[in-house]
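All residue numbers refer to positions in the sequence shown, counting from 1.
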Amino acid sequence: MVRTRGLVQKTAAGVQSVPAPVGGWNARDSLANMDPLDAATLINFFPTVSSCVLRGGYSRWATGMTGQVQSLFVYSGGATTKMFAVVGTPTFKIYDVTAGGAVGAAVVSAGITSAIWEYINVATTGGNYLYAVNGVDKPLLYDGTTWVAIDNASTPAITGVTTTTLSNVTLFKNRLWFIQKDTLKAWYLPTSSVGGAAQVLDLRSIAKYGGHLVDLDTWTLDAGYGMDDNLAFITSNGEVIVYRGTDPSSEATWALAGVWKLGSPIGTRSMLKWSGDLLILTYDGLLPMAQALQSSRLDPRVALSNKIQGAITQATTDYGGSHAAVGWQVYYNAKRNAVWINVPVLEGSQQQQYVMNTITTSWCQFTGWEANVWETFSDDPYFGGNGFVGKAWDTTYADHTSNIVTNVFQAFNYFGSRGVKKYFTRARPSIFTNGTPAVNVGINVDFNLDNTSASLIYTPNSVGLWGVALWDTGIWGAGLQITNNWQGVTGIGYCASINMNSASQGLQIEWASTDVVYQSGWAGI
């Protein structure tokens, strides 16, 4: 007679503390093999060295404009700093938004047919200038007081090239350099000049994959002889062409440093000067130039965005990623120790940012900042939105008048025993906050990432603002205090992901860890 043993289940209660996902957003690895410090989704929490913190909010810095703000200029001339916003349809105009608030009359309202411009600041013996080009209209030169449309008869003037075809600009070795739209030609002016006879650098015999120039910038590296600057161009087909030297008209002082092939660039704002390196946003991801030119196509791990490459690939597919895509931009803000990629999901309503902590290189995703373009003004990040300029990552901890909403799915965790089912019953997030945000913790099991939590409702309390509220009248917010309340959860599975959601306005949140209670056992036959 064959005896069959029945299923025997033994259970034991356990509790485990799971750190907040300081490893950041992981859109590359399998859910079954993800680092426990990573997160499959990390929205509006910024991973730091020891915790995840709620990102700052944004306030509407400048208002009263009609249309999408698609370019921001910052003029920096000596002790004078000003910011300007370029607004698109229905009428193209430039506004002074330095002081914030409701804008006055446009400073430029004629001769503009596109709101997408590139610019540079340059200083000569004649003064401090802002130079802006867009490849359609006459370049604009601003001296701190007056705007001048540049052609071959203006003062100053540029001769030798049709100025309305100049689409990008940079400053290299005391010369202004321009890209000619839809060509493989670059043009440069005499040293320390904002006008004069433009000379051509024709790259048609060098760019063997063809296409046209998309972006240009300077690249600093140490080639064994000390620090030196190079001039880098990238074509629409991903060729990076690098020159070094001072005078392009002299073979003795000008040389081709090399030509490399990368993925095609995404957007005309695909290059970013970052510390001693140059970042390039391509279909291969966000690449640091120094490493990318050696092995990026052979070893994708050199990309700073390697950990979220799946998300970038999906975004470029879904949202029209190409060398001409509008809204894509790489931006760096030193004050926040962050580099981010602006992703134009839908202009004016659903833009997102893929954000990297420059200290830890951990990534996250921001939503709620509906940005077309980014710029730094007085060390803070500003963006152009639909009819306004927003000041981002501010201490209001509110998105204009809306709550900041977060959503996190941490890496799936087997809690010490693979192949054993667990019954999850309670969870307790440990957060530091200066109020009472709406927080919900759930458990998802066995690689299910469906968000089953109900929408959180948070009604902000009015607290006093320093310098505004009255003593003995205003209600003052408290400092950061620990909050760690138990919440009931339900889930039966072999592994589990902590699903953290919050909604708040005017409050800071710093998330350290989450304690999870579960029962586990073993099955025998």
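Looking at Trp486 and Asp515, their side chains come closer than 4.5 Å, going by heavy atoms from C-beta outward. Residues Pro21 and Val408 are in side-chain contact: their nearest non-hydrogen atoms beyond the backbone lie under 4.5 Å apart. Looking at heavy atoms from C-beta onward, Val259 lies out of side-chain contact with Phe233 at the 4.5 angstrom threshold. Using a 4.5 Å heavy-atom threshold, the side chains of Val330 and Ser270 count as separate. Inter-residue side-chain proximity for Val326 and Pro344 is flagged as unmet; no heavy-atom pair is nearer than 4.5 Å.
Checked against the 6.0 Å centroid threshold, Phe46 and Trp340 do not count as a close aromatic pair. Note: Trp61 and Phe388 fail the aromatic proximity criterion, with ring centroids not under 6.0 Å apart. Aromatic pair Phe178/Tyr131: centroids less than 6.0 angstrom apart. Ring centroid separation for the pair Phe366 and Tyr354 does not come in under the 6.0 Å cut-off. Taking the six-membered ring wherever Trp is involved, the centroid distance between the rings of Trp274 and Trp219 does not fall below 6.0 Å.
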Under the ring pair (Phe, Tyr, Trp, His ring centres under 6.0 Å) criterion, do Phe447 and Phe412 qualify, and how do the steps go?
CA-CA 7 Å; Phe447 313 122; Phe412 281 90; 5.2 Å; yes
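Evaluation of the salt bridge (charged side-chain N to carboxylate O under 4.0 Å, His left out) test over residues 330-339, restricted to residues two or more places apart or in two chains, returns Lys335-Asp380. Listed by first and then second residue, the salt bridge (charged side-chain N to carboxylate O under 4.0 Å, His left out) pairs that reach into residues 46-72 are Arg55-Asp399, sequence neighbours excluded. Applying the salt bridge (charged side-chain N to carboxylate O under 4.0 Å, His left out) rule to pairs touching residues 479-504 yields nothing, sequence neighbours excluded.
Judged as a side chain to side chain contact (heavy atoms under 4.5 Å, CB included), and not counting sequence neighbours, the contacts of Asp446 are Tyr494, Cys495. Listed by chain and number, the residues in a side-chain hydrogen bond (donor to acceptor under 3.5 Å, both in side chains) with Thr436 amount to none (sequence neighbours excluded). In this view, Asn333 and Tyr331 satisfy the side-chain hydrogen bond (donor to acceptor under 3.5 Å, both in side chains) rule, not counting sequence neighbours. By the side-chain hydrogen bond (donor to acceptor under 3.5 Å, both in side chains) test, Thr98 pairs with Asp96, sequence neighbours left out. For Lys422, there are no salt bridge (Lys or Arg N to Asp or Glu O under 4.0 Å) partners, not counting sequence neighbours. With sequence neighbours left out, Ile492 forms a side chain to side chain contact (heavy atoms under 4.5 Å, CB included) with Lys421, Tyr423. The salt bridge (Lys or Arg N to Asp or Glu O under 4.0 Å) test applied to Asp38 returns Lys307, not counting sequence neighbours. Judged as a salt bridge (Lys or Arg N to Asp or Glu O under 4.0 Å), and not counting sequence neighbours, Lys273 has no contacts. Listed by chain and number, the residues in a salt bridge (Lys or Arg N to Asp or Glu O under 4.0 Å) with Glu118 are Arg269 (sequence neighbours excluded).
Here the side chain of Ser264 pairs a donor or acceptor atom with the backbone of Ser236 at under 3.5 angstrom. Without hydrogens or angle criteria, Lys391 side chain to Phe383 main chain gives no donor-acceptor distance under 3.5 Å. Judged by distance alone, with hydrogens and angles left aside, the side-chain atoms of Ser114 form no donor-acceptor pair with the main-chain N or O of Val136 at under 3.5 Å. Checking side-chain atoms of Glu239 against main-chain N and O of Tyr209 turns up a donor-acceptor pair under 3.5 Å. The backbone N or O of Ile509 sits nowhere less than 3.5 Å from a side-chain atom of Thr433 that would complete a donor-acceptor pair. Between the side chain of Asn485 and the backbone N or O of Arg428 there is no donor-acceptor pair closer than 3.5 Å.
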